[in-house]
Amino acid sequence: PASAGFSVWVDLGGWLTALTFAAEQALWRDVWEATRVSILPGGVFACANPGWFRLCHTTDPAVVREAITRLGRHLSAIDTTSLDSNHDRE
């Protein structure tokens, strides 16, 4: 078994416009374009549910901190109250 990991899974399902892999791809593209932080959508790893992203942390800790700061700042600016009603329809 592995004794270390190179990435962590992050649940960003609350930021999807719908609970679909297409919405996951749209969020991935939005995050990339707004932050230049590359998180990998779970759909490319055959994740069972949309909204999970893989965040790699095998680089300089200062770079990882900056990426998380950018990601957090961008996600905080997204109004998720309107997204909740979209999830109810799925």
Euclidean distance, I78 CD1 relative to L27 CG, rounded to 0.5 Å: 6.0 Å
Linked hydrophobic residues, W32 as query - side chain contacts closer than 4.5 Å: none
Salt bridge (charged side-chain N to carboxylate O under 4.0 Å, His left out) partners of residues 31-56, not counting sequence neighbours, each pair once: none
Summary of salt bridge (charged side-chain N to carboxylate O under 4.0 Å, His left out) pairs that have at least one residue in residues 10-25, sequence neighbours excluded: none
I39-F21 co-clustered via ILVMFWY side chain contacts under 4.5 Å: no
Members sharing W52's hydrophobic cluster (side chains within less than 4.5 Å): W9, L40, V44, F45
Heavy-atom closest pair, residues S38 and W28: OG-NE1, 4.5 Å
Heavy-atom pair of closest approach, residues A18 and A23: O-CB, 3.2 Å
Any L16 side-chain heavy atom under 4.5 Å of T20 side chain: no
Side-chain donor-acceptor contacts of residues 60-76 below 3.5 Å, not counting sequence neighbours, with atom names and distances?
residue : atom : partner : partner atom : Å
D60     : OD1  : A62     : N            : 2.8
E66     : OE2  : R70     : NE           : 3.0
T69     : OG1  : R65     : O            : 2.9
R70     : NH1  : T35     : O            : 3.0
H74     : NE2  : D30     : OD2          : 2.7
S76     : OG   : G72     : O            : 2.8

Connected via hydrophobic side-chain network under 4.5 Å: V31 and V10: yes
